[in-house]
Each structure stands twice: as C-alpha cells, then as structure tokens.
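Keep in mind the model is a prediction, meaning the values are calculated, not measured. Chain letters run A, B, ... following the sequence lines, proteins first, then strands; residues in each count from 1.
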4 protein chains.
Amino acid sequence: MTQGSAPAAAKVAKLNRVERNAWTKRKIFDAATKVVGKYGYSEASVARITEEAGVAQGTFYNHFENRQELLDQLLPKIGMDMVEFIRERTGTANAARQEIARFGAFFEFIREVPEFLRILNEAEFFAPNGYQKHLDNISTAYVRILRRARQAGAIEDFSDEEFEAIVHMFMGARGYLSRRYSYADGAVTAVPHHVISAYEKLITRGLYRPCGEDKQP
Amino acid sequence: MTQGSAPAAAKVAKLNRVERNAWTKRKIFDAATKVVGKYGYSEASVARITEEAGVAQGTFYNHFENRQELLDQLLPKIGMDMVEFIRERTGTANAARQEIARFGAFFEFIREVPEFLRILNEAEFFAPNGYQKHLDNISTAYVRILRRARQAGAIEDFSDEEFEAIVHMFMGARGYLSRRYSYADGAVTAVPHHVISAYEKLITRGLYRPCGEDKQP
Amino acid sequence: MTQGSAPAAAKVAKLNRVERNAWTKRKIFDAATKVVGKYGYSEASVARITEEAGVAQGTFYNHFENRQELLDQLLPKIGMDMVEFIRERTGTANAARQEIARFGAFFEFIREVPEFLRILNEAEFFAPNGYQKHLDNISTAYVRILRRARQAGAIEDFSDEEFEAIVHMFMGARGYLSRRYSYADGAVTAVPHHVISAYEKLITRGLYRPCGEDKQP
Amino acid sequence: MTQGSAPAAAKVAKLNRVERNAWTKRKIFDAATKVVGKYGYSEASVARITEEAGVAQGTFYNHFENRQELLDQLLPKIGMDMVEFIRERTGTANAARQEIARFGAFFEFIREVPEFLRILNEAEFFAPNGYQKHLDNISTAYVRILRRARQAGAIEDFSDEEFEAIVHMFMGARGYLSRRYSYADGAVTAVPHHVISAYEKLITRGLYRPCGEDKQP
DNA sequence: TATGAATGAGGCTTCATTCAT
DNA sequence: GATGAATGAAGCCTCATTCAT
C-alpha cells in the first residue's frame, strides 16, 4: 500500500509464507500455553487464546482442526521439554543419587515453566488424548532408566511390571507433592527440604540398594 | 395451594416439613453423585442433576446457594465414607501389614462406590474447595496413624513434616495407580497383584521397619 | 416489585402458567411464519425469529428442541389451514366444477396467507420432514376426493395409482403457476384469468367427463 | 520463479494462457456441478468446490465475481444440455406422440445426469437468477413447439398465453413427479409406468386432439 | 417450598471474501 | 493467474441463575 515500502520491509516481512505460517501457529500455541497455565483448560476458550495470540478467531481454524486438537498437543509438547530439562540435570552419580537429582529437577522445571503444573494436572480430564500420550512418553523413558539401574545392580528384586507400577507411583507422588507444596497463592515456590528428604528416604530404602553403591562399576 | 392437601398426601406426607426438606436435598445430592460419577463435573449441569433427582431446576436453588456449593460438598462427604470403610478393614496386625490392608481397602472401596474415583480425581479442578477439605481430612487422619506407628516403634527416623509429605505421596500414588489400573473400559476392575506387591516392597522397605515387627507390642 | 400491583394485574397476567407457555410458543411460531415467509428458510435464523417474537434466544429452546424442529412444523400446520380453507369454498356442484373451485380457492388462500407460498416451496429443501408430512396430508385427502368422483361416475378409466400421479401433477402445476403468476415484486397478486381457463380446459377434458355432468345424480 | 519452467511444464503446458484459463474455470464449474448435485446448494461452499476442483480458494475469485455468480450459471448451462438431449429423442410422429416422447426423454435425462434433478429443484431458491434464466429458456422453446402443433392443427382452442400457462404446468408436473418417483434412496430410478400412462391420458385428452391425428400434414 | 419458563452471555465453528506473495 | 492464510461476522446452541406463580 505504501508505495516505496519495499526496502523498508521490517522484521516480520522477511519471513516467507511457510515461515509466517509456522510463526502464526506458534503464536497460537504459546498463547494457549499461557492461557491454560493461568486459567486452566476449562477457561481456555478459543476467543481467549486467539486474543492472547493477537489473531482473529477464524485464524485459529487454519492451524488446528478444532479446539481440542490444540489442547491435546499442549502437554506432550511441554512434557518433552521437561524430559530434556531433567536429563540435562541428572548427572552421572550412582543410580539412587540420580533418582534424587531427577526428583529435584522436576521441581526446578516447574518453577522454570510455571504453566506446566496446571497443564499437567488438568490434562487428564480436559485433554485425555494428550495426557495419555504424555504418560506413555514418560513411562517408557522412566522404565528404561529403572531397567538400566537393575542391570547395573542398583535395584534388585523388581520385575518389569512392578517397575511400571513404581513409575506411576513416582509420577503420582510428584504431582501431589507439587500441587501441595509448589503453589503459593498462584505463584510457584520451591519445595521444602523435608519433602526431598522424605522422598529420598522412601526410595533409597524402598527401591534402590540402601548402601547407595551399585554392584557393577 | 397446599392447604387441604394434608390428608391426601401419600407416603411422603408422613414426613414433616423439616424431613421433607432434608429428603429433597438428599435426592439432589445423590443425583449429583451419580451424574458426576458418570459424566464428570463439567457435564454435571444443574439441569442434568435436577432431572436425575426428579425435581425442578428452581428447587435446586432452595437447597444450595449455587451449583458450585453442591459440587464442593460432594467429595468430602464421600471421602468420609471411604475413611470409615477403610478403618473397618484395617485389622490389628503390625503397622506395616495394616498399611498394606489400607492400600487394598482403598481399591475395594473404589469398586464399591464406582463414582468415587472420578469425583476424587476431578474434584481438584472442579471443586477446589471441596478437594482441599477432603485433603485435609485424609491427611490429618493419616498422619495420626503414622505417628502412632512411630510411637509403637514401627517407624523410625521420620519427622512429622516428613509424614505429611509421605501421606501426600501415598495419596498421589493411589490416585495414579487407580486411574492406571482400575479403569477397564469404563468399568472398574481389581488392581493387579504386581501393583500390590510393588507397593508393599516400596513401603515396607522404605518406611516401615523391614523386619515387619514392631519394637514395642 | 411495585408493591400494590396485585389487583392491577393486566391483560397478560390473567393467563396461568400453561396458557402463558402456550402463548409464548405461539409467539415464536407466528414469528417464524412471518420471517420464513418474508426472508425464506435460509435467512430464518433463531436470532431473527426470537427478535421478531420479542423473546430471548434462550427462550426458543424451551419450546423447541432445535431450529429444525420448528421449521419442520411450519408447513404441515399451515397446510392444514389451507385444506380447511379450500374445503369451505368447494361448493356442491358437479365434480369438475368443484375441481375448478378448489383450484381457484388455492390461489385465494395464497393471497390470504402470503407467507404460505414461500414456506411451501422452500420446505422441500429446508424442512424435508415437514414437507413430506404435508405432502402425505394433501395427497391422501386429494386422492380420496378423486375416488369419490370416480364412484360418482365423474371420472372414468383412472386407477388409484394413476390418481396419485395426477395429484402430484396438480400440486406441481399449482406450485409452478403460483410462483410464476402470483409473485409481483414480493407482493402476491391474483392469478390471471387465462391461467384458470387453461387449467379448466386441461382437466375437464383430460380427467373429468367432458360434458361436465356426472353419471349418477 | 516460473522463468525457466517453460520446457519442463508437462501436459498442461501445451495450453496457452487463454486455454489454461478456460481449463481452470471449467474445472471449477464441473466441481460445482458435482458438489451441488451431491450435497445441494447450501452445502456447496467455496471451500468444498475448490477442493473438489483441486485449486486454491483464491483461484475461485479469479474466475467468478463471487459464489453466487457461479451458482447462477449452473442450471442454465445444464438446462441447455437437457433441451438438446430431449430434442434428439423427440422423433417425427404426430404432435401428441412427440409430447409423450419428450416426457419420457426428460426422465431419461435425469438418469443420465443425476446431478440435474437436485440442481433444478434447488435452484429456484439458491440461484434465483439462474433459475429464471432457465425457466425462460425452456418456456420459450416449449411454447414454440406448442404453437407449431397448433399451426399443424394438432391443438385447438388454446391461446398463446394459455400455452405459457400450460408449459408451466408441464414443468411443474415433471418436477413433482421426478421428485416423487425418481429418487430411490439417493439413487435415481425409472419412473413407474402408471405415471407415464396418467400423463399420456391427461395431455392427449386435455390438450391435443383426442384422435391422435393432426389435421394438416 | 416447588416449579419451570425466561434470560442473555458466551462457547465453538463455518464461511465468503480479501490480499500479500 | 495462482495461492492459501487471515479476517470477523454470524450461526446454533448450552447453561447457571432468577423470579413470578
């Protein structure tokens, strides 16, 4: 429209069609993360999300089949970010120490990405497909870790099936604990030390070999 | 309108005003339990509940301030039923055995009252006040049990604060496990044995004295 | 609100609950007739209808399951009015004359109830159930008339099945003619005389005994 | 972007600009015929049509001013095909026989081009301009035929204006009959014989000279 | 106290059309 | 000329709550 504007074409104009498309989708996605994190799934109307994203409501449906599709993508996406985040902080100590590290990293992540907690907790009921996908992602990865620890001699006397149950307990425990201790009037705070210590005692005695040393180096 | 109706009023008429009132409220309450258990909180519209209860929508507001008030009463009420149910099945064996019994009784209760699972799980987000109340109820009772076990010498080395954390882990673990293992295509099934055994190992080794015998009789 | 208003309760207040209910439903129904007649089914949004009726949109759904249900009731209802209207104007002359009278009365009715034409014509596509019902109503009644004429000796050589086809042709012909000749820029005008005369010739010669006299007195 | 693409451009590239243009327009047109025939006008969104045609939505507006313009072209185009189809099957027998032949050919055409019926029937309300144009086309041609029959002595006692009315009745009758007898669960079937016979009786007696022989050769 | 019709805001989604690339 | 993302109005319907009877 402004005739001579070609050379001035600003930041956004540099993007080609494909990039612009991805950028818009990303805007919607990020907006949804923010909105669900703040208000919960049930208040995350398309109107609210698109307003937060700064696009028209109709635009939403150019990028997602419907509201639910977006909602179901939220958790698995952030969940993978979390897995990566935790992996980076796990260290190379013995298996029990690593488990403690993971436990702590989980709560660190929650503070880094405060939306995560609510998204995780509510997903089961508002985004069941996404929740299941996330569960499978986590469960698979976690069981693999436990198996490796068993091979290394750090765990004895647990079957694969029992591992799966243990993993579910861990996940459940973290969820409960995070909800109980990490919320402080909306804001997210650190988990108190006694929570860590209780968890440490429970799992080092109950799951991993008490001595804290793996059998095979 | 109702003036001369006293003699004709059948069965129900035997009730006086207060009893009738309580009876109606109860009908609504039971209907809500059924509806939420079957469809979840978000589908539990006032219309659906009153229809299930066989009363008019307006009647609802004679007994509850608003929809949320009823929803918030649901879980604490059933939760207390559950506590009683579990207490009756705890037995008098040593502390570790009792804990296993409680764990099992929890899953029994779920099968007795199939609505409970959904009400419990969703309450956190749809009936936060009721959820908190339920949490406090359970947590208080459970911590008391653990303290007593510690006094009896069955638990060592855990502080009161750690007990609270442990209780939350237990509750979280049960929730997760029940969701993972108790749903079978809508119906509620028994929890597989390896889940029980995994739990048993984890807590007898991690919390209670491994030998399974209390210090003081 | 106005404290002493009880004795003043005006016109509408005389109605009891049932009557008020019926009255509201009727208001919606009449509004729909007007709106569909003027704008056609596709423009007959619930918003437009309720606005015309002077009620809230939500009220609509207290009286009709959904938009389509109302739409499907429109034609059969008015169709029965039409049947009655025509019957009253059929007279007692011989069968052929009666047929001409019916033909004329049809066009009279269209002018009495100008909405009818559009409702009739569009119903096939926008209210198929209602259309089918109307068709059955009319077809049944019409075939009965033809049969009686055959019994009276006014018609020869047509089978029952052929009657049904004839009735469809009559209905189709009327529809076409009414659309062609009765619309005058939205308003509805009388059908020109040559249309009547053409119809008269066609059916008195083609269907009824040409002489215009029935066999049996 | 397109600079060097000339040599590589396959089959389609043989077409010059004008031909390509016409080809695209044709694709859209055919797609619209298919879509309207199958789903009706109201479901014939621009999105659906362009998808069926395999072009982008924007392309549509390079060839048609708007959605309605295309819709209005649909019926007149196919209508002319029908006229040609019927003419080829009219034969050279006497006028009454020819009329019967035309009646039969109409139903044949419906089976040849199954989309036609729906397009014809719905056009009146969804493509009024196109419908009017079609009506004029048919009416003009049909009246010419009747006039010629009158000149040949096969019809007596009908004025030109009455001819026009008769033509409308014929068209209306055909429409009704085709809808009543030609739809069989979506598919299009043959019209039962009694329909043909009823029509034959009606028009040979009512319009054409009963003897079936024209006055002047 | 019981009733149930009335309300109107708000939710999701579709769609014809525009316009920058 | 072709593309397809962006737009925003409009449609249907649900729902918690109110209020006159």
Using a 6.0 Å distance limit plus a 45 degree cone around the ring axis, check whether D:Arg48 lies over the aromatic ring of D:Tyr39. yes
To the nearest Å, how far apart are C:Trp23 CH2 and E:dA6 C1'? 13 Å
Rounding to a whole Å, what distance do you find between A:Arg17:CZ and F:dA6:P? 10 Å
Nucleotide forming a Watson-Crick or wobble pair with F:dG8, both distances under 3.5 Å: E:dC15
Residue whose nearest DNA chain E nucleotide is more 5′ - C:Asn62 or A:Gln57: C:Asn62
DNA chain F nearest-nucleotide lookup for B:Gln68 and A:Ala56: closer to the 5′ end is A:Ala56
Under 4.0 Å between a side-chain nitrogen and a carboxylate oxygen: does that hold for A:Asp30 and A:Arg26? yes
Just to confirm, is there a sub-4.0 Å distance from OP1 or OP2 of E:dT1 to any side-chain nitrogen or oxygen of B:Thr24? no
Between C1' of E:dT3 and CD1 of B:Ile28, the distance in whole Å: 12 Å
Atom CZ of A:Phe60 and atom P of F:dG8 are separated, to the nearest Å, by 17 Å
Would you say the side chain of C:Arg20 and the base of F:dT21 hold a donor-acceptor pair, judged only by whether the two atoms sit under 3.5 Å apart? no
Of E:dT7, E:dA6, F:dC13, the nucleotide closest to the side chain of C:Val55 is E:dT7
Would you call C:Lys38 and C:Glu115 a salt bridge, using N to O less than 4.0 angstrom? no
Just the rounded figure in Å: distance from C1' of F:dC13 to CD1 of C:Ile49. 14 Å
Listed nucleotide nearest any side-chain atom of A:Arg67, set F:dT7, E:dC12, F:dA16: E:dC12
Start at the 5' end of DNA chain E and walk down; is the nucleotide closest to A:Ala47 or to C:Asn21 reached first? C:Asn21
Suppose we define a pair by two distances each less than 3.5 Å, Watson-Crick or G-U wobble; what does F:dT21 pair with here? E:dA2
Whole-Å gap separating C1' (F:dA20) and CD (C:Glu19): 15 Å
Can you measure D:Glu51 atom CD to F:dA5 atom P for me and round it to whole angstrom units? 13 Å
Does C:Lys25 qualify as a cation-pi partner of C:Trp23, given the criterion of NZ or CZ under 6.0 Å from the six-membered ring centre and within 45 degrees of its axis? no
Would you say a side-chain N or O of B:His63 is under 4.0 Å from OP1 or OP2 of E:dA2? yes
Nearest nucleotide by nearest heavy atom, which residue falls closer to the 5' end of DNA chain F, B:Val46 or C:Ser45? C:Ser45
Tell me the interatomic distance from A:Tyr61, atom OH, to E:dT13, atom P, rounded to whole angstroms. 4 Å
Side-chain N or O of C:Thr59 versus OP1/OP2 of E:dT7: is the shortest distance under 4.0 Å? yes
Show every side chain to side chain donor-acceptor pair (under 3.5 Å) that has at least one partner inside residues 53-66 of chain A, sequence neighbours left out. A:Asn21-A:His63
